[in-house]
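In the text below, chain A, chain B and the rest are named by the order of the sequence lines, each starting its count at 1.
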Amino acid sequence: MDSFANYINTLRDVSGLPFYPWLFDILLVFTFTCHILLVNLVLGGSIVLLWGKLSGNPYGGRLSRSLSRVLPISLSWAIVLGVAPLLFIQVIYDPFWYFSSVISAWWTLAFLALIALAFSLFYVYYLRGGYEGQGNPLWVFLALAALSTVAVIIHALSLQAVHPERWSEWVVKGGRVNFSGSGLYAFELPRILHFILASVAIIGIFLMLYARYFRARPDYPSEYLAWVERTGARTAFVFSLLQAGAGIWWFLTLPRTFHFYIHPLFLIGAGFGITLIVVLALAQARPSAYTWPVTILAFLTVFFMSYAREALRMKYLHRAGYSFADYPVHPSWSSTALFLLTFVMGLVILFYVGLVAFRAGRGHKEVGSHGLGKLAVTLSCLWIGIMVVIGLVISFKNGALP
Amino acid sequence: MYPIWEVPYFSSALIIGLIASFHILPSHLAVGAFWFNVYIERKAYREKQLELLDFIKRYTLLILIFCFVFGSLSGVGIWYSATVASPRGISALIHNYVWGWATEWVFFLIEVATIYVYYYTFGKVDEKTHLRIGYLYALAAWISMIIITGILAFMLTPGKWLETGRFFDGFFNSTYWPQLFARTFLMFGIAAVYALVVATTLQNKAVQYKITRLAGLWGILGFLIGGLMTYWYLKKLPEPAQDFLFGGTLPYLKTLLYVSGISWVLALLYFLLCGALFPRANTLAGSLLLMLILFFGIFAGEGLREGLRRPYIVNFFMYSHQVVAADLPAKGIQAETELLSEAGYLSRLGYLPPELRKITPENQVEIGRILVIHQCANCHALSAKGLRSLPKLLSGMGMTDPEDLAGFLEGLDGYPYMPPFVGTEEERLAAGAYLSTLVENK
């Protein structure tokens, strides 16, 4: 084994993995997909809000009011959904993620500070008249600028992580090691464009869903909703095309040796992407008939493209002699079960909460489903009860109590 | 080993400490506040005092913005700052407790979902449903505390895990229960302080005084029981930690204990006087001042909790300079201290170019600098000013000669609060050579 690959293996955590790596990998991709969709919604939403607000079109103005409420909520979701992939990436790709973060430590922290800033600005806009149709668009513009910087930072961190062959030259200059953590070292225009253009495409699809959802509410004029729907379908179509263009550009810059064009995950993702574009083209004439096909196709495209991104990461890291398949595993069945059971339980609870939100948003005051609601509360209490029993048994057995 | 992030003047550990202390305020508010909220909401429906709802709306907005903007981000901030300050430390935690965090994450999702639904459906859904959403939030938030406390307590008292390496053996350890109860009750006090702040902004005086009184009572109860639990916690501390704190090995820890003790007493007095007894005396300035005092108390308390773990990140298992200190045969882990004292610390610095991995007279000082940054910068500033400045401490001890300094490094583990210097004789000399330049250029 060459000495650099050896070094990377000494970086791997000494404790090994508490379960087989494929599970972490699937969870990583799945949660990343959810995360990136929300990120798209926030970025695309701020762009459309500004456009709607500044265009002078009354429908655009109305749309910007709705979006002023959507943005902070989506940013919350983007953050909380980002926690999971951040966790799983550190489990199976720890050497790369940590190295990249340490050498850009200040940026890593600035990343969070900028998100906090953008978040506050969204709230300032929303609470100071944005929802009533006033509000100063400057706040949203600044938030968008902060979030774009955030995108550049996380882009650089991810890219630094897959280029271990360059770490040494980044850190050591003229025989002196730079420990300041103030540099940011990698940037690829097509790659970041491929993330940013997707945002506008995704917000287009979101607008189609928005129009469909609010059709049930008498206080939303149908001409307005039809306009939103048309605009959404057009935006989604145009930006999906641009997105494909950026994707092809990125694809052409990849190292030849990867043979990425025959990678099955990439081909599946590209297949869904092309189908999505075709369906979006068809949808232009009568968008309302295509809302669901478009939504489902978009989700599948993003999911498989996220998987392809994962495959690409593996290609890069293979070059450095790394594969998570060799990671030592010491399965912790009890804690794996704890998570999986809790996850299922969480989905039940989230389903109930989502149902309440859905019905309330449509204007129903009596939301019903009280049985499900009681189940959700009972499950939470049961969770606590079971943990306490397990905890007491173990504590007394190990002498941690009394 | 990963490279190091050297923070001028402060040390990286202090950055984590600052973010972590800040995080306590929103996070404990996020957990505690909703119990107060649903309590008041239930009261409002039962006693048909719908004007109380006005308070709840404001209070929820505060939670929404403060906890979900600054709380969630500072939470990730602790994690990020630990990542860049001590990657192998956070890695060890994650590789043992990833499913714990993943489980906690499920409850984060529930928290985000329920808080927004709660806030935006005020008056738009039936009372029963609305209250239930509030309960779901309160339960999820408390469960997230049940989980994170296990991981935090594990770092100080890993207990049986040191033999078995098993998740729950480390999780339900000897300081788990006291810490869980202390946090649980203290969080009611924190929630009460916020309620006192929000109450001063209410227009309706009758409602204002009613809320103030209730908040005062919650605060008194929470802080009294929380204080008792903290006492139990201190009693359960492992022996070295007891020595640091009460034996006078690290006098500053005792000062920190006094600071948090005093802020606890002041808070109790405020709850009693300006809350429960004379709600008129509660003012915006007063309650904000109380929050500031509380912040200092928490900062001191967290600093104390971190200080007690010296010189480890995970007690008895990994040193704060990220070297594994003990064997854990259950996971095939070998202590690295002796290993690297023979093979050399440089053998693990694979990110360095070849010319920096063999000590020569030309590169000796630079390599010494690298070693010192790796092994000392987490706790000491290398500048003449700053936190526990090395040049200052060393010259205070009157040491300038490289060989004396290398000798000092050899005996470093004689200090109970510092990890041993890990490396070969040659590496110690290089570090000594660099340290002597530090003292001379002071």
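For an aromatic pair to be called close, the ring centres must be under 6.0 Å apart, and A:His330 with B:Phe167 fails this. If you look at B:Trp99 and A:Phe24, their ring centroids are closer than 6.0 Å.
With no hydrogens or angles considered, no side-chain donor-acceptor pair links A:Gln90 and B:Trp101 at under 3.5 Å.
With hydrogens and angles disregarded, a donor-acceptor distance shorter than 3.5 Å links the side chain of A:Tyr7 to the backbone of B:Met1. With hydrogens and angles disregarded, a donor-acceptor distance shorter than 3.5 Å links the side chain of B:Arg369 to the backbone of A:Val177. B:Lys160 places no side-chain N or O within donor-acceptor distance of the main-chain N or O of A:Ile394, the cut-off being under 3.5 Å. Between the side chain of A:Asp13 and the main chain of B:His95, no donor-acceptor pair closer than 3.5 Å is present.
Interface remark: B:Asn363 contributes no atoms to any contact with chain A (heavy atom separation under 4.5 Å). With a 4.5 Å cut-off on non-hydrogen atoms, A:Leu347 does not touch chain B at all. Proximity to chain A is limited to the side chain of B:Phe107, based on heavy atoms less than 4.5 angstrom apart. Proximity to chain B (any heavy atom under 4.5 Å) is shown, for A:Leu401, by both the backbone and the side chain. Both the backbone and the side chain of B:Ile110 have a heavy atom closer than 4.5 Å to some heavy atom of chain A. For A:His370, the parts lying under 4.5 angstrom from a heavy atom of chain B are both the backbone and the side chain. Proximity to chain B (any heavy atom under 4.5 Å) is shown, for A:Leu87, by both the backbone and the side chain. The parts of B:Ser81 that come within reach of chain A are both its backbone and its side chain, each placing non-hydrogen atoms under 4.5 angstrom from that chain. Contacts of B:Glu111 with chain A are absent, with no heavy-atom separation under 4.5 Å from either backbone or side chain. Using a 4.5 Å cut-off between heavy atoms, B:Ile370 contacts chain A through both its backbone and its side chain. When heavy atoms are compared at a cutoff of 4.5 Å, B:Val76 approaches chain A by way of both its backbone and its side chain. Interface residue B:Phe108: backbone and side-chain heavy atoms are both found under 4.5 Å from chain A. With a 4.5 Å cut-off on non-hydrogen atoms, A:Thr108 touches chain B through its backbone and its side chain both. Looking at A:Phe358, there are no atoms closer than 4.5 Å to chain B (heavy atoms on both sides), in backbone or side chain. Both the backbone and the side chain of B:Leu109 come within contact range of chain A, each with at least one heavy atom under 4.5 Å from a heavy atom of that chain. Heavy atoms of B:Val112 lying under 4.5 Å from chain A belong to its backbone as well as its side chain. Using a 4.5 Å cut-off between heavy atoms, B:Ile146 touches chain A through its side chain atoms alone. Contact annotation for A:Phe396: neither backbone nor side-chain heavy atoms come within less than 4.5 Å of a heavy atom of chain B. The contact between A:Leu350 and chain B is made entirely by side chain atoms (from C-beta outward), counting heavy-atom distances below 4.5 Å. Using a 4.5 Å cut-off between heavy atoms, B:Ile333 contacts chain A through its side chain alone, with no backbone atom that close. With a 4.5 angstrom heavy-atom cutoff, A:Pro95 touches chain B via backbone and side-chain atoms both. Contact of B:Ala140 with chain A is not made at all, since no heavy-atom distance falls under 4.5 Å. Of the two parts of B:Glu366, only the side chain, counted from C-beta on, holds a non-hydrogen atom closer than 4.5 Å to a non-hydrogen atom of chain A. With a threshold of 4.5 angstrom between heavy atoms, A:Ile349 approaches chain B through side-chain atoms but not through N, CA, C or O.
Atoms OG and CD1, from A:Ser120 and B:Ile65 in turn, are 8.5 Å apart once rounded to the nearest 0.5 Å. Taken from CD1 in B:Ile90 to OG in A:Ser101, the straight-line distance is 11.0 Å, to the nearest 0.5 Å. Summarising the geometry, atom OG belonging to B:Ser86 is positioned 10.0 Å from atom OH belonging to A:Tyr98; distances are rounded to the nearest 0.5 Å. Taken to the nearest 0.5 Å, the CG atom of B:Leu61 stands 7.0 Å off from the OH atom of A:Tyr123. One finds the CZ atom of A:Phe179 at 4.5 Å from the NE2 atom of B:His374 (value rounded to the nearest 0.5 Å). Here the straight-line distance linking atom CZ of A:Phe119 with atom CZ of B:Phe70 works out to 9.0 Å at 0.5 Å rounding.
B:Tyr137 pairs by the side chain to side chain donor-acceptor pair (under 3.5 Å) definition with nothing, not counting sequence neighbours.
Using cut-offs of 30° and 60° for the angle between ring planes, the B:Trp5 and A:Trp106 rings count as perpendicular. Between B:Tyr80 and A:Phe111, the ring-plane angle classifies as parallel under the 30° and 60° cut-offs.
Within the 4.5 Å cutoff, side-chain heavy atoms of B:Arg132 are placed close to those of A:Val377. Using a 4.5 Å heavy-atom cutoff, the side chains of A:Phe88 and B:Val98 are in contact. Residues A:Cys381 and B:Leu139 have side chains in contact (heavy-atom distance under 4.5 Å, counting atoms from C-beta outward). Using a 4.5 Å heavy-atom threshold, the side chains of B:Thr103 and A:Phe343 count as separate. Between B:Val125 and A:Glu366, the closest side-chain pair of non-hydrogen atoms is not below 4.5 Å. At a threshold of 4.5 Å between non-hydrogen side-chain atoms, the residues A:Leu392 and B:Trp177 count as touching. B:Glu336 has its side chain within reach of A:Val14: a pair of non-hydrogen atoms, C-beta onward, lies under 4.5 Å apart. Within the 4.5 Å cutoff, the side chain of B:Phe172 has heavy atoms near those of the A:Ile390 side chain.
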Test side chain to side chain contact (heavy atoms under 4.5 Å, CB included) on A:Tyr352 and B:Ile133 and set out the steps.
CA-CA 10 Å; A:Tyr352 170 69; B:Ile133 296 286; 4.1 Å; yes

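Within the structure, salt bridge (Lys or Arg N to Asp or Glu O under 4.0 Å) contacts touching residues 390-402 of chain A (residues at least two apart or in different chains) do not occur.
No other option in A:Thr336, A:Val172, A:Leu17 has as many heavy-atom pairs under 4.5 Å with chain B as A:Thr336.
Just one of A:Ser15, A:Ser335, A:Ser332 meets the side chain to side chain donor-acceptor pair (under 3.5 Å) condition when paired with B:Asn96; it is A:Ser15.
No more than 12 heavy atoms of other residues, nucleotides or ligands shown are found within 6.0 angstrom of CZ on A:Phe30.
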